[in-house]
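Below is one structure, written out as structure tokens, with a few remarks after it.
Residue numbers count from 1 along this sequence.
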Amino acid sequence: MNRLAKLLRPLGFADCPGWDRDDQALAFSAFRRSADHAANNSYKSGALGISFEALQPVFAAARDLADPDTQAARRFFETHFIPCRIVDEAAPGFVTGFYEPEIEAALVADSYFNVPFLARPDDLVKVTDENRPAGFDPSFAFARKTETGLVEYDDRRAIEQGSLAGRGLELAFVADRVDAFFAHVQGAARLHFGNGDVMRITYAAKSGHAFTGIGRILVAEGEIAADEISMQSIRRWLRDNADRADDLIWRNRSYIFFRKADVDDIAAGPVAAAKVPLTAGRSMAVDKLLHTFGTPFFIDAPTLTAFGNAPFSRLMIAQDTGTAIVGPARGDLFAGSGDAAGEIAGGIRHRADFYALVPRALVGA
């Protein structure tokens, strides 16, 4: 464990509020997906000190446990982990929510379906320490490859005004500009076509520009009160101020490119950064620089009651990440797919206590 592990305070499971009331079997199902993936693949270890190598024996044990009930799943986590509260005075625990939008779409543009989702262009490349030009903005993770070297890629305004038109990048088209924008923010969408077919699209790459939350702009400029900001209030503002919507949206210069994703299980969530389908109410996006995918976290957010009309005290599994998810006690809770999930996700902005479940081998227990 490294210096960042000083943020972790070992406790007992009895110190995790609501642990004995949670259904750990639901969390185990999500954990098992990461365990199955880890049988033939690896996750990059986060800087907090919970390494992939330390999780590997627990993943192996999970693969040997078939469909445990709540009591057996609880014993599994208690046997293999020690809960450690994350204490970071500089950034208290905080959770938000995300979901997978479901949108009507068409494969061919017409007068109604005319807002495209684009695939990754072939001249968009990953920026690394090896190929980053001198003086190039260090925040850019993607750039355009040219004959003379890497340059800044087109931003959202340029792309939405047609800078990539004619290159055959369109995956599908939707009718509503605002629906498309929120799919970009969520990084995924489930598209429904008139013939009953379904296409799932998920994040492939981005333009490289920094993400700018338009909600923060609306609060800073006095358009929406800070205590009223939510996905729903932002959506209402965009619809009520259609003549100003483009200018606001374009202030978020980051543009997302998508790829088609298989829909093997229509009931499962999208395959996210950890390469496994997300589980509604049990998968969480974390800061991937600090945390290792597959790590369980017990989250206690007593003022959050959007899930099941009860205070939120649940075991979650780290299975995704996001640009805005920064810090050791910062999480984005996956609420599911469709409008109902969007209503839940859009209202989640709550203080929370984070208890990382650390493999016992790392804490000498």
Side-chain angles (χ1 to χ4, degrees), residues 94-106 109-118 154-163 165 170 172-192 194 201 203 206-207 209-258 285 303-307 322-325 332-350:
F94 190 72
V95 292
T96 50
F98 72 109
Y99 75 112
E100 181 188 39
E102 294 192 67
I103 314 172
E104 293 184 359
D110 57 25
S111 59
Y112 183 71
F113 294 106
N114 53 31
V115 181
F117 288 119
L118 301 182
D154 302 352
D155 67 1
R156 176 177 292 278
R157 177 193 289 266
I159 294 170
E160 293 189 347
Q161 289 183 330
S163 69
E170 295 83 1
F173 300 84
V174 296
D176 192 300
R177 163 104 166 81
V178 175
D179 284 344
F181 176 75
F182 276 99
H184 277 239
V185 173
Q186 302 304 312
R190 193 181 301 190
L191 307 180
H192 294 264
I201 58 174
Y203 171 91
K206 58 183 179 180
S207 62
H209 302 86
F211 173 85
T212 301
I214 63 172
R216 293 183 180 180
I217 296 175
L218 291 170
V219 170
E221 297 184 353
E223 297 288 343
I224 301 177
D227 60 353
E228 295 179 358
I229 199 70
S230 67
M231 194 183 305
Q232 291 86 347
S233 64
I234 295 171
R235 185 182 284 272
R236 284 194 299 270
W237 189 95
L238 291 171
R239 296 202 187 284
D240 293 344
N241 297 273
D243 57 327
R244 301 164 61 193
D246 279 347
D247 286 338
L248 176 64
I249 287 174
W250 287 337
R251 290 169 72 175
N252 175 22
R253 300 182 67 202
S254 177
Y255 186 89
I256 302 299
F257 298 100
F258 293 89
T303 62
L304 170 58
T305 58
F307 291 86
T323 304
I325 311 304
D332 208 16
L333 313 179
F334 179 62
S337 304
D339 291 343
E343 287 294 313
I344 293 173
I348 301 175
R349 293 182 60 83
H350 292 74

For residues R156 and F181, determine if any side-chain heavy atom of one lies less than 4.5 Å from a side-chain heavy atom of the other.
-> yes

Can you list the residues that meet the side-chain contact (heavy atoms from CB on, under 4.5 Å) rule with D110, with sequence neighbours excluded?
-> Y112, F113

side-chain hydrogen bond (donor to acceptor under 3.5 Å, both in side chains) against Q232, all qualifying residues, sequence neighbours excluded = S230, E343

Could you tell me which residues satisfy side-chain hydrogen bond (donor to acceptor under 3.5 Å, both in side chains) with D246, sequence neighbours excluded, listed by chain and number?
-> R177

How would you list, by chain and number, every residue that makes a salt bridge (charged side-chain N to carboxylate O under 4.0 Å, His left out) with R239, sequence neighbours excluded?
-> D176, D179

Can you list the residues that meet the ring-ring contact (aromatic ring centres under 6.0 Å, His included) rule with F257, with sequence neighbours excluded?
-> Y255

Is R236 salt-bridged to E223, cutoff N-O under 4.0 Å?
-> no

side-chain hydrogen bond (donor to acceptor under 3.5 Å, both in side chains) partners for T96, two or more places apart = R330, D332

Check D240, I234, N241 against W237 for a side chain to side chain contact (heavy atoms under 4.5 Å, CB included) and give me the one that passes.
-> N241

How about E104: does its CD atom have over 12 heavy atoms from other parts shown lying under 6.0 Å from it?
-> no

ring-ring contact (aromatic ring centres under 6.0 Å, His included) filter on F173, not counting sequence neighbours, yields none

Residues forming a side-chain contact (heavy atoms from CB on, under 4.5 Å) with R253, sequence neighbours excluded = E152, D155, H209

Can you list the residues that meet the salt bridge (charged side-chain N to carboxylate O under 4.0 Å, His left out) rule with E228, with sequence neighbours excluded?
-> none

Is the F98-F334 ring centre distance short of 6.0 angstrom?
-> yes

What's the shortest heavy-atom distance between A175 and V115, and which atoms?
-> O-CG2, 4.1 Å

Name all residues meeting the side-chain contact (heavy atoms from CB on, under 4.5 Å) criterion together with E102; count only those two or more places apart in sequence or in a different chain, and write none if there are none.
-> R190, H192, S337

Who pairs with Y203 by side-chain contact (heavy atoms from CB on, under 4.5 Å), at least two apart in sequence or on another chain?
-> F142, K206, I256

Check side-chain hydrogen bond (donor to acceptor under 3.5 Å, both in side chains) between R157 and all other residues, then give those that pass, not counting sequence neighbours.
-> none

What are the two closest non-hydrogen atoms of P101 and F182, and how far apart are they?
-> CG-O, 4.4 Å

Looking only at heavy atoms, the pair that brings S254 and S207 closest together is CA-OG, 3.7 Å

